[in-house]
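As C-alpha coordinates, the structure follows; a few thoughts come after it.
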Amino acid sequence: MGAAMPALDGMMQDWPLTVDRIIDHAARMFPDIEVVTRRHSGAIVRTGYAALAEEARLLSRALASQGIGAGDRVATLSGNCDHHLALWYAISGMGAVTHPLNPRLARDQLAWIANQAGDRILFVDPGFVDLAEALAPDLASVETFVVLAPRAEVPPNRLDALGLDEFLDLGRAAPDAGWGGFPESRACSLFYTSGTTSAPKGVLYSHRSCLLNAMLISLGLELNTDETLMPVVPLFHANGWGFGHIAPMLGKRLVLPGPGLDPASLFELMEREAVTTAAGVPTIWTGLLAYLRETGARLTHTRRLLVAGSAVPTSLIRAFRDEYDVTLQPAWGMTETNPAGTVGGIVPAGIEGDEARLAAFARQGRFMFGVEMSVRGADEREVPWDGASPGRLLVRGPCVVSGYFGADAPAVDGGGWFDTGDIAVVHPDAVMQITDRAKDVIKSGGEWISSIAIEEAAASHAQVESCAVIGIAHEKWGERPLLFIKARPSARLSEDAMRTHLSARLDRWCMPDVIEFVEDLPLGATGKVDKKQLRARSSATEGQEKAEGIA
Ligand code: ADP
(Lines give C-alpha, C1' and ligand atoms only; values in the text may rest on other atoms or scores of the structure.)
Protein backbone atom coordinates (compact mmCIF):
# COMPACT_ATOMS: atom_id res chain seq x y z
CA MET A 1 0.00 0.00 0.00
CA GLY A 2 1.28 3.47 -0.90
CA ALA A 3 1.46 6.35 1.57
CA ALA A 4 -1.83 8.21 2.13
CA MET A 5 -2.15 11.18 -0.21
CA PRO A 6 -2.43 14.57 1.50
CA ALA A 7 -5.86 16.19 1.16
CA LEU A 8 -5.94 18.52 -1.79
CA ASP A 9 -7.55 21.98 -1.72
CA GLY A 10 -9.26 23.33 -4.79
CA MET A 11 -7.46 26.16 -6.55
CA MET A 12 -10.35 28.58 -6.84
CA GLN A 13 -10.76 32.02 -5.32
CA ASP A 14 -11.98 32.66 -1.85
CA TRP A 15 -14.93 34.99 -2.47
CA PRO A 16 -16.93 35.40 0.73
CA LEU A 17 -20.68 35.19 0.17
CA THR A 18 -21.63 38.56 1.65
CA VAL A 19 -24.72 40.56 0.75
CA ASP A 20 -22.89 43.81 -0.11
CA ARG A 21 -21.94 41.98 -3.29
CA ILE A 22 -25.60 41.67 -4.23
CA ILE A 23 -26.24 45.40 -4.38
CA ASP A 24 -22.85 46.05 -6.01
CA HIS A 25 -23.73 43.49 -8.68
CA ALA A 26 -27.17 45.04 -9.21
CA ALA A 27 -25.68 48.53 -9.48
CA ARG A 28 -23.37 47.41 -12.30
CA MET A 29 -25.56 44.92 -14.14
CA PHE A 30 -29.01 46.43 -13.63
CA PRO A 31 -28.39 50.11 -12.84
CA ASP A 32 -31.69 51.33 -14.23
CA ILE A 33 -33.98 48.51 -13.23
CA GLU A 34 -36.67 50.17 -11.19
CA VAL A 35 -37.45 49.98 -7.52
CA VAL A 36 -40.91 51.51 -7.15
CA THR A 37 -42.28 52.64 -3.79
CA ARG A 38 -45.62 53.96 -2.67
CA ARG A 39 -45.10 56.56 0.02
CA HIS A 40 -47.50 57.52 2.83
CA SER A 41 -48.73 60.44 0.80
CA GLY A 42 -49.76 57.98 -1.91
CA ALA A 43 -47.05 59.36 -4.21
CA ILE A 44 -45.20 56.80 -6.31
CA VAL A 45 -41.42 57.23 -6.36
CA ARG A 46 -38.99 55.44 -8.61
CA THR A 47 -35.35 54.74 -8.15
CA GLY A 48 -32.97 52.24 -9.76
CA TYR A 49 -30.48 49.74 -8.37
CA ALA A 50 -27.50 52.07 -9.07
CA ALA A 51 -29.13 54.91 -7.13
CA LEU A 52 -30.19 52.54 -4.35
CA ALA A 53 -26.61 51.26 -4.05
CA GLU A 54 -25.36 54.83 -3.88
CA GLU A 55 -27.84 55.65 -1.13
CA ALA A 56 -26.68 52.55 0.75
CA ARG A 57 -23.02 53.60 0.57
CA LEU A 58 -23.85 57.11 1.74
CA LEU A 59 -25.92 55.77 4.62
CA SER A 60 -23.02 53.50 5.53
CA ARG A 61 -20.68 56.45 5.78
CA ALA A 62 -23.17 58.34 7.88
CA LEU A 63 -23.53 55.34 10.18
CA ALA A 64 -19.76 55.11 10.57
CA SER A 65 -19.63 58.81 11.34
CA GLN A 66 -22.00 58.11 14.25
CA GLY A 67 -19.66 55.48 15.64
CA ILE A 68 -21.48 52.45 14.25
CA GLY A 69 -19.05 49.64 13.54
CA ALA A 70 -18.85 45.92 12.94
CA GLY A 71 -21.38 43.91 14.90
CA ASP A 72 -23.42 46.91 16.12
CA ARG A 73 -27.16 46.45 15.80
CA VAL A 74 -29.08 49.12 13.92
CA ALA A 75 -32.86 48.91 13.92
CA THR A 76 -35.55 49.90 11.47
CA LEU A 77 -39.24 50.49 12.10
CA SER A 78 -40.62 50.68 8.61
CA GLY A 79 -42.82 49.14 5.96
CA ASN A 80 -41.52 48.15 2.54
CA CYS A 81 -39.90 51.13 0.87
CA ASP A 82 -36.74 52.03 -1.05
CA HIS A 83 -35.07 53.65 1.99
CA HIS A 84 -35.70 50.57 4.09
CA LEU A 85 -34.05 48.40 1.46
CA ALA A 86 -31.12 50.82 1.11
CA LEU A 87 -30.69 50.54 4.89
CA TRP A 88 -30.58 46.75 4.71
CA TYR A 89 -27.51 47.06 2.51
CA ALA A 90 -26.01 50.11 4.24
CA ILE A 91 -26.01 48.47 7.65
CA SER A 92 -25.05 44.93 6.64
CA GLY A 93 -22.60 46.13 3.96
CA MET A 94 -20.43 47.85 6.55
CA GLY A 95 -20.42 44.80 8.83
CA ALA A 96 -23.09 46.03 11.26
CA VAL A 97 -26.32 44.10 11.82
CA THR A 98 -29.67 45.14 10.32
CA HIS A 99 -32.46 44.66 12.79
CA PRO A 100 -35.93 45.21 11.31
CA LEU A 101 -38.52 45.63 14.05
CA ASN A 102 -42.11 44.55 13.50
CA PRO A 103 -44.26 47.61 14.26
CA ARG A 104 -47.33 45.42 14.71
CA LEU A 105 -45.98 43.79 17.86
CA ALA A 106 -47.19 44.94 21.24
CA ARG A 107 -45.21 47.89 22.61
CA ASP A 108 -43.75 46.04 25.56
CA GLN A 109 -42.60 43.25 23.24
CA LEU A 110 -41.03 45.75 20.86
CA ALA A 111 -39.13 47.52 23.62
CA TRP A 112 -38.00 44.19 25.05
CA ILE A 113 -36.76 43.09 21.62
CA ALA A 114 -34.90 46.35 20.90
CA ASN A 115 -33.28 46.20 24.33
CA GLN A 116 -32.27 42.58 23.99
CA ALA A 117 -30.82 43.36 20.58
CA GLY A 118 -29.02 46.41 21.98
CA ASP A 119 -30.06 48.54 18.99
CA ARG A 120 -28.03 51.77 18.81
CA ILE A 121 -29.79 53.72 16.08
CA LEU A 122 -33.44 53.49 15.12
CA PHE A 123 -34.61 54.45 11.63
CA VAL A 124 -38.30 55.26 11.64
CA ASP A 125 -40.79 55.44 8.80
CA PRO A 126 -42.79 58.72 9.05
CA GLY A 127 -45.91 56.65 9.72
CA PHE A 128 -44.35 55.13 12.83
CA VAL A 129 -43.03 58.28 14.50
CA ASP A 130 -45.82 58.15 17.09
CA LEU A 131 -44.96 54.55 17.86
CA ALA A 132 -41.25 55.36 18.20
CA GLU A 133 -42.14 58.22 20.54
CA ALA A 134 -44.19 55.91 22.70
CA LEU A 135 -41.37 53.36 22.80
CA ALA A 136 -38.55 55.84 23.35
CA PRO A 137 -38.67 56.04 27.17
CA ASP A 138 -38.22 52.25 27.33
CA LEU A 139 -35.44 51.95 24.79
CA ALA A 140 -32.26 51.50 26.79
CA SER A 141 -29.65 51.45 24.05
CA VAL A 142 -30.98 53.65 21.23
CA GLU A 143 -28.84 56.80 20.95
CA THR A 144 -30.17 58.32 17.73
CA PHE A 145 -33.48 58.38 15.87
CA VAL A 146 -33.63 59.09 12.15
CA VAL A 147 -36.94 59.55 10.33
CA LEU A 148 -37.02 58.22 6.76
CA ALA A 149 -38.21 61.50 5.24
CA PRO A 150 -36.65 64.87 4.53
CA ARG A 151 -36.51 67.10 7.61
CA ALA A 152 -39.22 69.36 6.22
CA GLU A 153 -41.63 66.41 6.12
CA VAL A 154 -40.80 64.90 9.50
CA PRO A 155 -43.90 64.99 11.71
CA PRO A 156 -43.41 66.99 14.91
CA ASN A 157 -41.88 64.73 17.55
CA ARG A 158 -40.09 64.61 20.86
CA LEU A 159 -37.40 62.24 19.63
CA ASP A 160 -34.93 64.86 18.61
CA ALA A 161 -34.89 62.89 15.40
CA LEU A 162 -32.81 63.68 12.36
CA GLY A 163 -34.39 63.81 8.92
CA LEU A 164 -33.06 61.44 6.31
CA ASP A 165 -31.55 64.35 4.34
CA GLU A 166 -29.66 65.48 7.43
CA PHE A 167 -28.40 61.99 8.06
CA LEU A 168 -27.26 61.63 4.45
CA ASP A 169 -25.44 64.98 4.78
CA LEU A 170 -23.47 63.43 7.64
CA GLY A 171 -22.43 60.73 5.19
CA ARG A 172 -21.41 63.25 2.54
CA ALA A 173 -19.13 64.97 5.03
CA ALA A 174 -17.62 61.70 6.28
CA PRO A 175 -14.75 59.65 4.86
CA ASP A 176 -15.37 56.33 3.13
CA ALA A 177 -16.66 53.69 5.50
CA GLY A 178 -15.69 50.05 5.30
CA TRP A 179 -17.70 48.06 2.75
CA GLY A 180 -17.70 44.28 2.61
CA GLY A 181 -14.39 42.47 2.83
CA PHE A 182 -15.28 40.46 5.93
CA PRO A 183 -15.88 36.73 6.35
CA GLU A 184 -19.22 35.36 5.14
CA SER A 185 -19.87 33.90 8.59
CA ARG A 186 -20.37 37.43 10.03
CA ALA A 187 -23.81 38.42 11.27
CA CYS A 188 -25.82 40.23 8.60
CA SER A 189 -29.25 40.75 10.11
CA LEU A 190 -31.37 39.96 13.12
CA PHE A 191 -35.01 38.93 12.86
CA TYR A 192 -37.23 38.03 15.78
CA THR A 193 -39.92 35.41 15.38
CA SER A 194 -43.33 37.00 15.49
CA GLY A 195 -44.44 35.28 18.65
CA THR A 196 -47.35 33.42 17.09
CA THR A 197 -46.96 30.57 19.54
CA SER A 198 -44.34 31.77 22.03
CA ALA A 199 -42.33 34.84 23.05
CA PRO A 200 -40.29 36.35 20.17
CA LYS A 201 -36.79 34.92 19.73
CA GLY A 202 -33.92 36.49 17.81
CA VAL A 203 -32.53 34.68 14.79
CA LEU A 204 -29.16 36.09 13.74
CA TYR A 205 -28.58 35.47 10.04
CA SER A 206 -25.07 35.27 8.65
CA HIS A 207 -24.18 36.87 5.32
CA ARG A 208 -23.62 33.42 3.90
CA SER A 209 -27.05 32.18 4.98
CA CYS A 210 -28.78 35.23 3.46
CA LEU A 211 -26.94 34.89 0.18
CA LEU A 212 -27.57 31.17 -0.06
CA ASN A 213 -31.20 31.68 0.95
CA ALA A 214 -31.70 34.16 -1.90
CA MET A 215 -30.19 31.69 -4.36
CA LEU A 216 -32.24 28.78 -3.05
CA ILE A 217 -35.51 30.66 -3.26
CA SER A 218 -34.72 32.02 -6.72
CA LEU A 219 -34.09 28.49 -7.93
CA GLY A 220 -37.06 27.06 -6.06
CA LEU A 221 -39.42 29.61 -7.59
CA GLU A 222 -37.76 29.36 -11.01
CA LEU A 223 -37.46 33.12 -11.05
CA ASN A 224 -35.73 33.30 -14.39
CA THR A 225 -38.15 35.17 -16.58
CA ASP A 226 -38.95 38.86 -16.85
CA GLU A 227 -40.73 39.50 -13.63
CA THR A 228 -41.88 42.43 -11.59
CA LEU A 229 -41.89 41.34 -7.96
CA MET A 230 -43.99 42.79 -5.19
CA PRO A 231 -43.29 41.52 -1.68
CA VAL A 232 -46.40 42.31 0.33
CA VAL A 233 -44.69 40.32 3.06
CA PRO A 234 -42.93 43.03 5.05
CA LEU A 235 -39.16 43.43 4.97
CA PHE A 236 -39.37 43.01 8.76
CA HIS A 237 -41.00 39.57 8.63
CA ALA A 238 -38.79 36.48 8.24
CA ASN A 239 -36.13 38.22 6.13
CA GLY A 240 -38.87 39.59 3.87
CA TRP A 241 -38.91 36.05 2.46
CA GLY A 242 -35.60 36.90 0.81
CA PHE A 243 -37.06 39.35 -1.74
CA GLY A 244 -34.82 42.22 -0.66
CA HIS A 245 -31.87 40.10 -1.76
CA ILE A 246 -33.44 38.11 -4.58
CA ALA A 247 -34.69 41.07 -6.64
CA PRO A 248 -31.35 42.91 -6.95
CA MET A 249 -29.44 39.66 -7.30
CA LEU A 250 -31.51 38.73 -10.34
CA GLY A 251 -32.15 42.27 -11.55
CA LYS A 252 -35.91 42.03 -11.11
CA ARG A 253 -38.08 45.11 -11.07
CA LEU A 254 -39.28 45.57 -7.51
CA VAL A 255 -42.51 47.17 -6.32
CA LEU A 256 -42.73 48.11 -2.64
CA PRO A 257 -46.25 48.84 -1.38
CA GLY A 258 -45.30 51.04 1.60
CA PRO A 259 -48.14 51.37 4.06
CA GLY A 260 -50.97 50.51 1.64
CA LEU A 261 -51.64 46.87 2.43
CA ASP A 262 -55.43 46.96 2.12
CA PRO A 263 -56.82 45.06 -0.87
CA ALA A 264 -57.86 48.18 -2.83
CA SER A 265 -54.41 49.77 -2.54
CA LEU A 266 -52.64 46.52 -3.36
CA PHE A 267 -54.82 45.93 -6.39
CA GLU A 268 -54.32 49.46 -7.65
CA LEU A 269 -50.52 49.17 -7.35
CA MET A 270 -50.37 45.71 -8.89
CA GLU A 271 -52.25 46.95 -11.93
CA ARG A 272 -50.52 50.29 -12.24
CA GLU A 273 -47.04 48.78 -11.96
CA ALA A 274 -47.76 45.58 -13.88
CA VAL A 275 -46.73 43.28 -11.03
CA THR A 276 -46.28 39.69 -12.24
CA THR A 277 -45.47 37.94 -8.96
CA ALA A 278 -46.51 39.09 -5.48
CA ALA A 279 -45.87 37.39 -2.16
CA GLY A 280 -47.85 37.38 1.07
CA VAL A 281 -49.58 35.38 3.80
CA PRO A 282 -52.97 33.76 2.98
CA THR A 283 -55.05 36.47 4.71
CA ILE A 284 -53.68 39.03 2.22
CA TRP A 285 -54.91 36.96 -0.72
CA THR A 286 -58.22 36.14 0.97
CA GLY A 287 -58.76 39.90 1.29
CA LEU A 288 -57.76 40.53 -2.32
CA LEU A 289 -60.11 37.82 -3.56
CA ALA A 290 -63.03 39.33 -1.63
CA TYR A 291 -62.18 42.74 -3.12
CA LEU A 292 -61.99 41.42 -6.68
CA ARG A 293 -65.30 39.62 -6.33
CA GLU A 294 -66.99 42.62 -4.79
CA THR A 295 -65.80 45.15 -7.34
CA GLY A 296 -65.63 42.97 -10.44
CA ALA A 297 -62.04 44.17 -10.94
CA ARG A 298 -59.59 42.02 -12.94
CA LEU A 299 -55.87 41.42 -12.51
CA THR A 300 -54.34 41.86 -15.93
CA HIS A 301 -50.61 41.41 -15.27
CA THR A 302 -50.32 39.20 -12.22
CA ARG A 303 -49.59 35.56 -12.96
CA ARG A 304 -48.47 34.24 -9.60
CA LEU A 305 -49.13 34.90 -5.92
CA LEU A 306 -46.63 33.28 -3.62
CA VAL A 307 -48.31 32.24 -0.40
CA ALA A 308 -46.70 31.00 2.82
CA GLY A 309 -46.86 31.58 6.55
CA SER A 310 -49.98 29.45 7.06
CA ALA A 311 -51.65 26.65 5.14
CA VAL A 312 -53.53 27.85 2.09
CA PRO A 313 -57.06 26.47 1.58
CA THR A 314 -57.61 24.76 -1.77
CA SER A 315 -60.76 26.87 -2.19
CA LEU A 316 -58.54 29.97 -2.40
CA ILE A 317 -56.23 28.34 -4.94
CA ARG A 318 -59.21 27.26 -7.00
CA ALA A 319 -60.90 30.66 -6.92
CA PHE A 320 -57.81 32.49 -8.16
CA ARG A 321 -57.20 29.84 -10.80
CA ASP A 322 -60.75 29.58 -12.13
CA GLU A 323 -61.97 33.14 -11.72
CA TYR A 324 -58.75 35.10 -12.41
CA ASP A 325 -56.29 32.73 -14.10
CA VAL A 326 -53.75 33.40 -11.36
CA THR A 327 -51.60 30.71 -9.76
CA LEU A 328 -51.36 30.66 -6.00
CA GLN A 329 -47.96 29.13 -5.35
CA PRO A 330 -47.68 27.53 -1.91
CA ALA A 331 -44.41 27.43 0.01
CA TRP A 332 -43.32 26.74 3.57
CA GLY A 333 -40.63 28.42 5.62
CA MET A 334 -40.00 30.13 8.91
CA THR A 335 -37.88 32.85 10.47
CA GLU A 336 -35.50 30.15 11.70
CA THR A 337 -34.89 28.95 8.12
CA ASN A 338 -33.98 32.36 6.67
CA PRO A 339 -36.86 31.45 5.53
CA ALA A 340 -36.17 29.01 2.67
CA GLY A 341 -37.90 25.66 3.09
CA THR A 342 -40.17 24.05 0.56
CA VAL A 343 -41.92 24.99 -2.64
CA GLY A 344 -45.30 23.41 -3.28
CA GLY A 345 -47.61 23.33 -6.24
CA ILE A 346 -46.49 19.83 -7.19
CA VAL A 347 -48.99 17.49 -8.80
CA PRO A 348 -47.52 14.02 -9.31
CA ALA A 349 -48.41 12.17 -12.49
CA GLY A 350 -51.30 9.77 -12.14
CA ILE A 351 -53.46 11.84 -9.79
CA GLU A 352 -56.91 12.00 -11.32
CA GLY A 353 -59.68 14.48 -10.71
CA ASP A 354 -59.58 18.20 -10.01
CA GLU A 355 -60.24 17.82 -6.29
CA ALA A 356 -57.33 15.43 -5.76
CA ARG A 357 -55.00 17.41 -8.02
CA LEU A 358 -55.76 20.62 -6.12
CA ALA A 359 -55.20 18.89 -2.79
CA ALA A 360 -51.75 17.77 -4.02
CA PHE A 361 -50.99 21.22 -5.41
CA ALA A 362 -51.79 22.89 -2.07
CA ARG A 363 -49.28 20.82 -0.08
CA GLN A 364 -46.26 22.62 1.27
CA GLY A 365 -43.96 20.81 -1.14
CA ARG A 366 -40.50 19.37 -1.59
CA PHE A 367 -37.56 20.77 0.30
CA MET A 368 -35.21 22.86 -1.76
CA PHE A 369 -31.63 21.76 -2.10
CA GLY A 370 -29.81 22.99 1.01
CA VAL A 371 -32.58 22.27 3.52
CA GLU A 372 -32.62 18.73 4.87
CA MET A 373 -35.77 17.43 6.54
CA SER A 374 -36.59 14.63 8.90
CA VAL A 375 -40.09 13.91 10.14
CA ARG A 376 -39.93 11.92 13.38
CA GLY A 377 -42.65 9.91 15.05
CA ALA A 378 -43.17 9.40 18.79
CA ASP A 379 -40.49 6.66 18.71
CA GLU A 380 -38.00 9.26 17.37
CA ARG A 381 -37.70 7.30 14.14
CA GLU A 382 -38.36 8.77 10.70
CA VAL A 383 -42.04 8.26 9.83
CA PRO A 384 -42.93 6.28 6.70
CA TRP A 385 -43.47 8.46 3.65
CA ASP A 386 -47.05 7.38 3.20
CA GLY A 387 -48.85 10.71 3.43
CA ALA A 388 -50.64 9.48 6.56
CA SER A 389 -48.11 9.15 9.41
CA PRO A 390 -47.61 12.45 11.22
CA GLY A 391 -44.46 13.43 13.05
CA ARG A 392 -42.39 16.38 14.22
CA LEU A 393 -40.77 18.24 11.36
CA LEU A 394 -37.02 18.74 11.90
CA VAL A 395 -34.71 20.61 9.53
CA ARG A 396 -31.03 21.37 9.19
CA GLY A 397 -28.80 23.10 6.70
CA PRO A 398 -26.72 26.20 6.03
CA CYS A 399 -29.74 28.50 6.30
CA VAL A 400 -31.14 26.99 9.51
CA VAL A 401 -30.71 28.59 12.95
CA SER A 402 -28.20 27.02 15.33
CA GLY A 403 -29.00 29.08 18.44
CA TYR A 404 -31.12 32.10 19.37
CA PHE A 405 -29.59 35.52 19.89
CA GLY A 406 -28.74 36.01 23.55
CA ALA A 407 -29.53 32.41 24.51
CA ASP A 408 -26.85 30.08 25.84
CA ALA A 409 -28.47 26.80 24.91
CA PRO A 410 -28.28 25.62 21.30
CA ALA A 411 -31.55 25.60 19.33
CA VAL A 412 -30.69 22.25 17.77
CA ASP A 413 -30.15 18.71 18.95
CA GLY A 414 -26.83 16.84 18.91
CA GLY A 415 -27.33 15.95 15.26
CA GLY A 416 -27.82 19.59 14.29
CA TRP A 417 -31.57 19.16 13.80
CA PHE A 418 -33.89 22.07 14.53
CA ASP A 419 -37.41 21.19 15.67
CA THR A 420 -39.75 23.48 13.69
CA GLY A 421 -42.69 23.03 16.05
CA ASP A 422 -44.69 21.86 13.05
CA ILE A 423 -46.36 18.49 12.59
CA ALA A 424 -46.10 17.05 9.10
CA VAL A 425 -46.63 14.00 6.96
CA VAL A 426 -44.49 13.07 3.97
CA HIS A 427 -46.08 11.76 0.79
CA PRO A 428 -44.47 9.00 -1.27
CA ASP A 429 -43.23 11.59 -3.78
CA ALA A 430 -41.19 13.30 -0.97
CA VAL A 431 -43.72 16.13 -0.72
CA MET A 432 -44.07 17.40 2.83
CA GLN A 433 -47.46 18.46 4.11
CA ILE A 434 -47.95 20.39 7.31
CA THR A 435 -50.88 18.97 9.24
CA ASP A 436 -50.62 21.40 12.12
CA ARG A 437 -48.46 23.37 14.44
CA ALA A 438 -47.67 21.26 17.48
CA LYS A 439 -49.32 23.94 19.64
CA ASP A 440 -52.48 24.04 17.52
CA VAL A 441 -53.08 20.30 17.24
CA ILE A 442 -56.26 19.34 19.06
CA LYS A 443 -55.52 16.43 21.36
CA SER A 444 -58.79 14.65 21.71
CA GLY A 445 -59.08 11.35 23.57
CA GLY A 446 -55.56 10.25 22.65
CA GLU A 447 -56.05 11.14 18.97
CA TRP A 448 -54.71 14.18 17.19
CA ILE A 449 -57.17 16.29 15.24
CA SER A 450 -55.59 18.55 12.65
CA SER A 451 -56.93 22.10 12.90
CA ILE A 452 -55.75 22.66 9.32
CA ALA A 453 -57.86 19.73 8.06
CA ILE A 454 -61.02 21.20 9.62
CA GLU A 455 -60.18 24.65 8.27
CA GLU A 456 -59.68 23.19 4.80
CA ALA A 457 -63.07 21.46 4.97
CA ALA A 458 -64.85 24.60 6.22
CA ALA A 459 -63.13 26.90 3.71
CA SER A 460 -64.35 24.70 0.87
CA HIS A 461 -67.90 25.99 1.50
CA ALA A 462 -68.67 28.67 -1.07
CA GLN A 463 -70.15 31.01 1.57
CA VAL A 464 -67.05 30.99 3.81
CA GLU A 465 -64.56 33.82 3.46
CA SER A 466 -62.13 32.64 6.14
CA CYS A 467 -62.09 30.43 9.19
CA ALA A 468 -59.94 29.18 12.05
CA VAL A 469 -60.03 26.26 14.45
CA ILE A 470 -58.77 26.08 18.02
CA GLY A 471 -59.01 23.41 20.70
CA ILE A 472 -61.19 24.04 23.73
CA ALA A 473 -60.94 22.17 26.99
CA HIS A 474 -63.25 19.19 27.34
CA GLU A 475 -63.77 17.20 30.52
CA LYS A 476 -63.94 13.80 28.88
CA TRP A 477 -61.81 14.15 25.72
CA GLY A 478 -59.21 16.64 26.90
CA GLU A 479 -59.78 18.97 23.96
CA ARG A 480 -62.38 19.40 21.26
CA PRO A 481 -62.43 21.64 18.16
CA LEU A 482 -64.09 25.03 18.04
CA LEU A 483 -64.58 26.45 14.55
CA PHE A 484 -64.75 30.21 13.92
CA ILE A 485 -66.23 31.26 10.60
CA LYS A 486 -66.22 34.59 8.86
CA ALA A 487 -68.86 34.27 6.16
CA ARG A 488 -68.76 36.06 2.82
CA PRO A 489 -70.63 39.38 2.70
CA SER A 490 -74.37 38.88 2.36
CA ALA A 491 -74.01 35.12 2.89
CA ARG A 492 -76.80 33.33 4.72
CA LEU A 493 -74.96 30.47 6.28
CA SER A 494 -76.54 28.52 9.12
CA GLU A 495 -74.81 26.26 11.58
CA ASP A 496 -76.89 23.34 10.29
CA ALA A 497 -75.81 23.93 6.72
CA MET A 498 -72.20 24.12 7.86
CA ARG A 499 -72.50 20.88 9.83
CA THR A 500 -73.97 19.09 6.83
CA HIS A 501 -71.12 20.39 4.67
CA LEU A 502 -68.48 19.34 7.18
CA SER A 503 -69.90 15.92 7.94
CA ALA A 504 -69.47 14.98 4.27
CA ARG A 505 -65.77 15.82 4.55
CA LEU A 506 -64.63 14.98 8.07
CA ASP A 507 -64.60 11.90 10.25
CA ARG A 508 -67.23 12.14 12.95
CA TRP A 509 -64.72 12.46 15.76
CA CYS A 510 -63.12 15.45 13.99
CA MET A 511 -66.37 17.42 13.76
CA PRO A 512 -66.19 20.70 15.69
CA ASP A 513 -68.14 20.74 18.93
CA VAL A 514 -68.85 24.43 18.56
CA ILE A 515 -69.24 26.60 15.46
CA GLU A 516 -69.14 30.32 16.01
CA PHE A 517 -69.88 32.91 13.32
CA VAL A 518 -67.77 36.04 13.67
CA GLU A 519 -67.50 39.41 11.94
CA ASP A 520 -63.73 39.16 11.72
CA LEU A 521 -60.83 36.97 12.71
CA PRO A 522 -58.05 38.60 14.74
CA LEU A 523 -54.72 38.85 12.93
CA GLY A 524 -51.31 38.65 14.58
CA ALA A 525 -48.19 40.69 13.96
CA THR A 526 -47.45 39.02 10.64
CA GLY A 527 -50.99 39.05 9.28
CA LYS A 528 -51.75 35.44 10.15
CA VAL A 529 -54.90 34.50 12.03
CA ASP A 530 -53.96 34.86 15.68
CA LYS A 531 -55.08 31.72 17.48
CA LYS A 532 -53.69 32.96 20.78
CA GLN A 533 -56.26 35.78 20.69
CA LEU A 534 -59.01 33.38 19.67
CA ARG A 535 -58.13 31.12 22.61
CA ALA A 536 -58.10 34.04 25.01
CA ARG A 537 -61.43 35.21 23.64
CA SER A 538 -63.04 31.81 23.96
CA SER A 539 -61.78 31.18 27.50
CA ALA A 540 -62.93 34.68 28.52
CA THR A 541 -66.39 33.91 27.15
CA GLU A 542 -66.36 30.56 28.91
CA GLY A 543 -65.32 32.21 32.17
CA GLN A 544 -68.06 34.79 31.82
CA GLU A 545 -70.67 32.18 31.01
CA LYS A 546 -69.63 30.17 34.04
CA ALA A 547 -69.79 33.28 36.20
CA GLU A 548 -73.26 34.02 34.89
CA GLY A 549 -74.28 30.43 35.46
CA ILE A 550 -74.95 29.80 31.76
CA ALA A 551 -72.62 26.83 31.33
P1 ADP B 1 -44.33 32.56 13.65
O2 ADP B 1 -43.91 31.15 14.04
O3 ADP B 1 -44.22 33.48 14.80
O4 ADP B 1 -45.63 32.62 12.92
P5 ADP B 1 -42.88 32.61 11.21
O6 ADP B 1 -43.46 33.64 10.33
O7 ADP B 1 -41.44 32.35 11.17
O8 ADP B 1 -43.24 33.03 12.66
O9 ADP B 1 -43.73 31.32 10.92
C10 ADP B 1 -43.25 30.04 10.70
C11 ADP B 1 -44.38 29.07 10.87
O12 ADP B 1 -45.46 29.40 10.00
C13 ADP B 1 -44.04 27.66 10.50
O14 ADP B 1 -43.39 27.00 11.55
C15 ADP B 1 -45.41 27.06 10.21
O16 ADP B 1 -46.09 26.72 11.40
C17 ADP B 1 -46.14 28.21 9.60
N18 ADP B 1 -46.10 28.10 8.14
C19 ADP B 1 -45.29 28.71 7.29
N20 ADP B 1 -45.59 28.37 6.01
C21 ADP B 1 -46.62 27.51 6.08
C22 ADP B 1 -47.39 26.79 5.12
N23 ADP B 1 -47.17 26.92 3.83
N24 ADP B 1 -48.36 25.99 5.57
C25 ADP B 1 -48.60 25.85 6.88
N26 ADP B 1 -47.93 26.50 7.83
C27 ADP B 1 -46.95 27.32 7.44
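Here the structure is a predicted model, which means the values were calculated and not measured. Counting convention: from 1, in listed order, for ligands and their atoms alike. Just so it is clear, the values below take in all heavy atoms, side chains as well, and ignore hydrogens, waters and symmetry mates.
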Worksheet item: Does Ser310 come within less than 4.0 Å of ligand 1, judged by its heavy atoms?
Response: yes
Worksheet item: Are Glu447 and Arg480 ion-paired here, with the side-chain N under 4.0 Å from a carboxylate O?
Response: no
Worksheet, complete the sentence: Candidates Lys439, His237, Met334; heavy atom nearest atom 6 (O) of ligand 1 found on His237
Item to complete: Indicate yes or no: at least one non-hydrogen side-chain atom of Leu148 is less than 4.5 angstrom from one of Leu87.
Response: yes
Worksheet item: For residues Lys531 and Ser451, is any side-chain donor paired with an opposing acceptor at under 3.5 Å?
Response: yes
Worksheet item: Is there a heavy atom in Gly421 that sits closer than 4.0 Å to ligand 1?
Response: no
Item to complete: Quick one: look at Ala331 and ligand 1, take heavy-atom pairs under 4.0 Å, and tell me if it's side chain, backbone, both or neither.
Response: backbone
Item to complete: Check each atom of ligand 1 against the heavy atoms of Ser194 and keep those under 4.0 Å away; list them by number with element.
Response: 1 (P), 3 (O), 4 (O), 8 (O)
Item to complete: Show which atoms of ligand 1 fall inside a sub-4.0 Å distance from at least one heavy-atom site of Lys528.
Response: 1 (P), 4 (O), 5 (P), 6 (O), 8 (O), 9 (O), 10 (C), 11 (C), 12 (O)
Discussion item. Going by side chain to side chain donor-acceptor pair (under 3.5 Å), name the residues that satisfy it together with Gln533, two or more places apart in sequence or in a different chain.
Written reply: Asp530
Practice prompt. Return yes or no for this condition: an N or O of Ala311 is under 3.5 Å from an N or O of ligand 1.
Written response: yes
Worksheet item: Side chains of Tyr192 and Phe405: does their closest heavy-atom pair fall under 4.5 Å?
Response: yes
Worksheet entry | Worked verdict on His245 versus Tyr89 for ring pair (Phe, Tyr, Trp, His ring centres under 6.0 Å) | CA-CA 9 Å; His245 296 137; Tyr89 287 101; 5.7 Å; yes
Item to complete: Could you tell me if any non-hydrogen atom of Gly333 lies under 4.0 Å from any atom of ligand 1?
Response: yes
Worksheet item: Do any pairs count as a salt bridge (Lys or Arg N to Asp or Glu O under 4.0 Å) and have a residue in residues 390-403, sequence neighbours left out, and if so which ones?
Response: Glu372-Arg396, Glu380-Arg392, Arg392-Asp419
Fill in: Contact partition for Thr335 relative to ligand 1, non-hydrogen atoms under 4.0 Å
both
Fill in: Gly309 N/O to ligand 1 N/O under 3.5 Å
yes
Worksheet item: Would you call the rings of His84 and Trp88 parallel, tilted or perpendicular, where under 30° means parallel and over 60° means perpendicular?
Response: perpendicular
Discussion item. Could you check whether any heavy atom of Asp422 sits closer than 4.0 Å to an atom of ligand 1, since that is the contact criterion I want to use?
Written reply: yes
Fill in: Gln364 and ligand 1 - part of the residue with a heavy-atom distance under 4.0 Å
side chain
Worksheet item: Would you say Arg437 and ligand 1 have an N/O pair spaced under 3.5 Å apart?
Response: yes
Worksheet item: Is the cationic atom of Arg376 (NZ for Lys, CZ for Arg) positioned less than 6.0 Å from the six-membered ring centroid of Trp417 and within 45 degrees of its normal?
Response: yes
